[in-house]
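The structure appears below as structure tokens.
Computed from a predicted model, the values in this text were never measured in an experiment.
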Amino acid sequence: MADKYYRQASVPDAATETTIYTVPAANTAIIKSLRVTNAHGNGVLVTVTQYDAGSVVAHYLYKEQTLAADATVDIFNGIPCILEEGNALTVTATENPVTFYLSYLEVDRN
């Protein structure tokens with residue numbers, strides 16, 4: 001059983017729900033931070049959603065919140081979010097470019 005820290009960045013297309021992370025098989029993930037930076041000249045609406053494995057039911061973690069131009073926010077604000085095998089984390093921003101920077105710990109349950 002190994003614990004590994006990861007990070008990944010994504011700049012999804014405007015107004016497109018984009019999966020930025022899916023927990024691999026036999027793993028649990030602890031999301032430490034999801035920093036969102038609006039590099040667009042105007043405010044944008046940001047949504048962060050979690051889906052259980054095989055489900056289409058949205059669990060909104062941050063829904064249609066306005067992020068001002070040139071602003072940054074940490075969606076989890078220091079409070080970890082636990083995801084289980086097959087859970088997915090998606091993001092949407094109404095404009096581009098908005099950067100999503102995810103930091104997480106994967107715990108291998110094998």
Handout entry: Closest contact, heavy atoms only, Ala14 versus Asn96
Key = CB-N, 3.9 Å
Practice task
Test side-chain contact (heavy atoms from CB on, under 4.5 Å) on Arg7 and Tyr101 and set out the steps.
Solution key: CA-CA 7 Å; Arg7 63 99 184 140; Tyr101 189 91; 2.9 Å; yes
Exercise for the section: Measure the shortest side-chain to side-chain distance between Phe100 and Val46 over non-hydrogen atoms and say whether it is less than 4.5 angstrom. Expected result: yes
Handout entry: same_hphob_cluster(Val73, Val44) at 4.5 Å side-chain heavy-atom cutoff
Key = yes
Problem - Within-4.5 Å side-chain heavy-atom neighbours: Leu61 and Leu89 - result: yes
Completion exercise
Heavy-atom nearest pair, Ala29 first then Val23, reads CB-CG2, 3.8 Å
Practice task
Determine, using the 4.5 Å side-chain heavy-atom cutoff (strictly less than), whether Tyr60 and Val91 are members of one ILVMFWY cluster.
Solution key: no
Fill in the blank from the handout: Nearest heavy-atom contact between Pro80 and Gly78 is CD-O, 3.6 Å
Exercise for the section: For the residue pair Ile20 and Leu34, establish whether any side-chain heavy-atom pair is separated by less than 4.5 Å. Expected result: yes
Fill in the blank from the handout: To the nearest 0.5 Å, atom CG of Asp108 lies from atom NZ of Lys4 at 7.5 Å
Practice task
Can you measure from CD (Gln65) to CD1 (Ile75) and round to the nearest 0.5 angstrom?
Solution key: 8.5 Å
Handout entry: Donor-acceptor contact below 3.5 Å, side chain Thr94 vs main chain Leu45
Key = yes
Exercise for the section: State, with a plain yes or no, whether a side-chain heavy atom of Leu83 is found less than 4.5 Å away from one of Cys81. Expected result: yes
Problem - Rounded distance [0.5 Å steps], CZ in Arg35 versus OG1 in Thr72 - result: 5.5 Å
Completion exercise
Rounding to 0.5 Å, atoms OG1 (Thr92) and CG (Asp13) come to a distance of 11.5 Å
Problem - Tyr21-Val107 co-clustered via ILVMFWY side chain contacts under 4.5 Å - result: no
Exercise for the section: List the atom of Asp74, the atom of Ser33, and the distance in Å for their closest heavy-atom pair. Expected result: OD2-OG, 3.0 Å
Exercise for the section: Would you give the length of the straight line joining atom CG of Asn42 to atom OG1 of Thr66, rounded to the nearest 0.5 angstrom? Expected result: 11.5 Å
Exercise for the section: Using modelled atom types only, decide if a donor and an acceptor are shared between the side chain of Thr16 and the backbone of Thr18 within a distance under 3.5 Å. Expected result: no
Fill in the blank from the handout: So CD of Glu85 and CG of Asp52: to nearest 0.5 Å the spacing works out to 12.5 Å
Practice task
Please report the shortest heavy-atom distance between Thr22 and Ala88, naming the atom on each side.
Solution key: OG1-CB, 3.8 Å
Handout entry: Considering all heavy atoms, the nearest Tyr51-Ala58 contact
Key = CE2-CA, 3.6 Å
Practice task
Specify whether Tyr6 and Tyr104 have parallel, tilted or perpendicular ring planes, treating 30° as the upper limit for parallel and 60° as the lower limit for perpendicular.
Solution key: parallel
